[in-house]
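What follows is a set of notes on a single structure, which appears directly below.
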Protein chains: 2
Amino acid sequence: MDAGVVRRRNLSAVLELVHLRRGVTRADLTRALGLNRSTIGDLVAVLAEHGWVDERDDAPRSGVGRPSPRVVARDARLVAAINPELDVIDVALVSLGGAIVARRRVPLSEPPTVAATVEISARTVAELAAQHPESTVVAAGVAVPGLVRNEDGLVRLAPRLGWREEPLAAPLAAALGIPVAAANDAHLGSRAEQSFGAGQGARTMLYLNGGPSGIGGGLVVDGRPMDGAAGYAGELGHASVDPNGPLCACGAIGCLEALVPRAALASAVGLEHPDDDTLESALLTAIVAEDAGGPVHEEVARQLRWLAIALRGAVNLLNPERIVLGGHLAALWRAADRDQRASLLGQALPVNAADATVEVAALGGQRLLIGAAELAWDGLIADPLGAGESESARVDAVPVAP
Amino acid sequence: MDAGVVRRRNLSAVLELVHLRRGVTRADLTRALGLNRSTIGDLVAVLAEHGWVDERDDAPRSGVGRPSPRVVARDARLVAAINPELDVIDVALVSLGGAIVARRRVPLSEPPTVAATVEISARTVAELAAQHPESTVVAAGVAVPGLVRNEDGLVRLAPRLGWREEPLAAPLAAALGIPVAAANDAHLGSRAEQSFGAGQGARTMLYLNGGPSGIGGGLVVDGRPMDGAAGYAGELGHASVDPNGPLCACGAIGCLEALVPRAALASAVGLEHPDDDTLESALLTAIVAEDAGGPVHEEVARQLRWLAIALRGAVNLLNPERIVLGGHLAALWRAADRDQRASLLGQALPVNAADATVEVAALGGQRLLIGAAELAWDGLIADPLGAGESESARVDAVPVAP
DNA sequence: GTGATTTGTTGGTTCGCACAACGTATCATG
DNA sequence: CATGATACGTTGTGCGAACCAACAAATCAC
């Protein structure tokens, strides 16, 4: 019943630091974990023995004293990250440390069904894995543009793909033969930014992403991703900002995402379906070129006003230490002038706003894949020796009843 | 450096269960903690040795097998709970297990200053303690109607009392000679309901209280109270519900608490400053007596509509498993008919609302004192043998520079 | 009463971390 | 370039704390 709870925790903590910091010296580990040098040596040796890490003597010289070897992840194990979208299925292999070592974007002629997603993902993962014969793909994570039940990775609703109550993690686990976890794409964007991007180090964070299908988000509370009761937390896109506003697709009135649509911003600068970078640079160009008071300025100002109202509620409720904006909300922030930036949190209670800094998401087009990989790594980092009991949030590759 | 981290965690876990469940059998403890019978026996013995618990043979017979002794808190240690208000300072001594063993409400002729609060509290705690010579008062907690910085218990703003940037925990600790922690009253209401009231067992909870000075709240995330970066989380009262609404005292427009004031509900039933019970019974009486469409019905319906808008945002953001309403919001819920109750979460995304149940706060007029006691117990339960380092969220009774 | 069941108790075992002493590699200094 | 200071890795030992197995005790069912 025990199986070394303490040992598991410590091994996990070491491996997590190696993962998040992309390599640390043993001396760093002793300081960060407060364990004895000899204990750290032992823990690292165990992880090395089990194929997780290597030790190298390339540590940057830090001063007097005997140099400490750097502990780095061994790339013998990889995870697969999968992001099905309207016109593409994005697949990658990701190493411990969050580096994408292989990626393939499989174009689609029509929105994929779940069956097609499973089939294409499994094939593509196999192809990418074949290019890396020295490594094993040990788990997979899926970023879904929709609401996903965290318990079993079932897609409750993905309007963009036309999915509804579709099991996803289970069939994919069966097809791949490895554990698979699935979650909402904005949640995973949040996780990626928390681990390797603009959210690093924040103990309380609100991540908000403006995508083509709406505004999604993710929360970090006490340094850990916050999912809510069943996995649907973070949906600030459907907060009310105007009770006299337009009807939203969700059935409610005056939702944030109905009043701050990506499409309106894109069309203001004359684009149809721009990606994040294109939208942002077009917007910045237009803002400079256009006179103050012009239509682009107007649209930016309008969207920022509504965003400020929604953020007021979230900031007052959460008292976050960081707010990370992605997608077209990042573009908005970049396009905003000093006064507009200041007023974004200006409606929140002063004490609540005082603790919060606004940042722009840092990981660009790799964000969702890195986040999906984080999800996949979860169970492995939590129990590196794999001796523990099965993880509840993870669907194992047991044969699934049809 | 170590000092038995594991031991401390386990002792703390045992004591926490004894506290929350107000006594458990040793057999229960083994099941709840997954530790060996002999280990539990040892842990309980250590706690008994240090004066925390007693063992009794009065366990309700539960079936075959040797009966397990009940482990209960010994009342040798008490904490003080303090709640300064406009016209009264409410002081109590609370036992482990959350029972109020002594209470005194000291009436005031005018709103208290911090100095007066410290003086009156210290005197009253001493008087109550004198009535219980067999017990020691080991810590204190203060519930403040305002924003309190959790780091050091400094009151940033308590409009109702006219306090602004006033250190409170530190001078009170100096006066009482014991560690003192302070927090927002709604936070502590939330903690009380979580531990012993309508929030028991919920891993994700939103607590909302409608009081005379506005609408405050508290959050529980992952089974633990959520404070935010500096202690100001939970202020849903200042979420925007109507961008064309009235100006709130906070400076923003259309805040929930400006549109759902307790005073309006009270005056609808012809009362001036009713307490919670009076307001609720008057409201229920009026609802029955009045025709549908009458002014009381109207006010209830109006407030519920605004509340639903604010809850939409919070429920979509948090995906809570439970929502607990206190104060006049509890009265509103009691007065609501079936359709109104259903529509309270009706605007939230169906998946998010599906996980949430609405409950009415259970602890009545003892809530704030019990919550303040929970805060006081925190550090002690976390480290029953007192061997650990100082708790950062707690101000120790060291002399404070003036 | 007798057996089944559940739990407390006791002594021995194991796991895992700390600690101290020592070996080793670098930097600073003359 | 030798020496000391500093920081770190390595090794063997000790100990805290949990587990385990065997036994004793208290209840229920028949």
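Below, chains carry the letters A, B, ... as their sequence lines are ordered, and counting in each starts from 1.
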Quiz item: So does B/Asp57 pair up with B/Arg70, basic N to acidic O under 4.0 Å?
Solution: no

Quiz prompt | A/Leu375 and A/His187, any side-chain heavy atoms less than 4.5 Å apart | solution = no

Quiz item: Looking at side-chain heavy atoms only, is the closest gap between A/Glu374 and A/Val94 below 4.5 Å?
Solution: no

Exercise. Using a cut-off of strictly less than 4.0 Å, decide whether A/Arg7 has a side-chain nitrogen or oxygen near OP1 or OP2 of D/dA17.
Key: no

Self-check item: Rounded distance (Å) that lies between atom P of D/dG9 and atom CZ of A/Arg70
Solution: 14 Å

Exercise. Could you work out which one of D/dA7, D/dC28, D/dC8 sits closest to the side chain of B/Val64?
Key: D/dC28

Self-check item: Any B/Arg66 side-chain nitrogen or oxygen under 4.0 Å from OP1 or OP2 of C/dT5
Solution: no

Quiz item: Under 4.0 Å: is that the gap between some side-chain N or O of B/Arg31 and OP1 or OP2 of C/dT7?
Solution: yes

Practice problem: State whether A/Asn10 places a side-chain N or O below 4.0 Å from either non-bridging phosphate oxygen (OP1 or OP2) of C/dC17. | Solution: yes

Quiz item: Is the shortest heavy-atom distance from the side chain of B/Leu15 to the side chain of B/Val53 under 4.5 Å?
Solution: yes

Quiz prompt | Bend angle of the helix from C/dG1-D/dC30 to C/dG30-D/dC1, from helix axes over five pairs at each end, nearest 10° | solution = 20°

Self-check item: Whichever of A/Gly65 and A/Thr25 has its nearest DNA chain D nucleotide further upstream toward 5'
Solution: A/Gly65

Quiz item: Does any non-hydrogen side-chain atom of A/Leu219 lie less than 4.5 Å from one of A/Met205?
Solution: no

Quiz item: Counting N and O atoms only, with roles assigned by atom type, does the side chain of B/Glu193 sit under 3.5 Å from a partner on the main chain of B/Leu363, one being a donor and the other an acceptor?
Solution: yes

Quiz item: Between A/Gln194 and A/Gln200, is any pair of side-chain heavy atoms under 4.5 Å apart?
Solution: no

Self-check item: Whole-Å distance separating the CZ atom of A/Arg9 from the P atom of D/dA17
Solution: 16 Å

Quiz item: How close or far is atom P of C/dC17 from atom CZ of A/Arg8, stated in whole angstroms?
Solution: 13 Å

Quiz item: Does anything in residues 35-44 of chain B reach DNA chain D, meaning a heavy atom under 4.0 Å, and if so which residues?
Solution: B/Leu35, B/Asn36, B/Arg37, B/Ser38, B/Thr39

Quiz prompt | Length of the line joining A/Asp57:CG and D/dC8:P, which is rounded to integer Å | solution = 14 Å

Self-check item: Heavy-atom check, side chain of A/Val220 versus side chain of A/Met226, under 4.5 Å
Solution: no

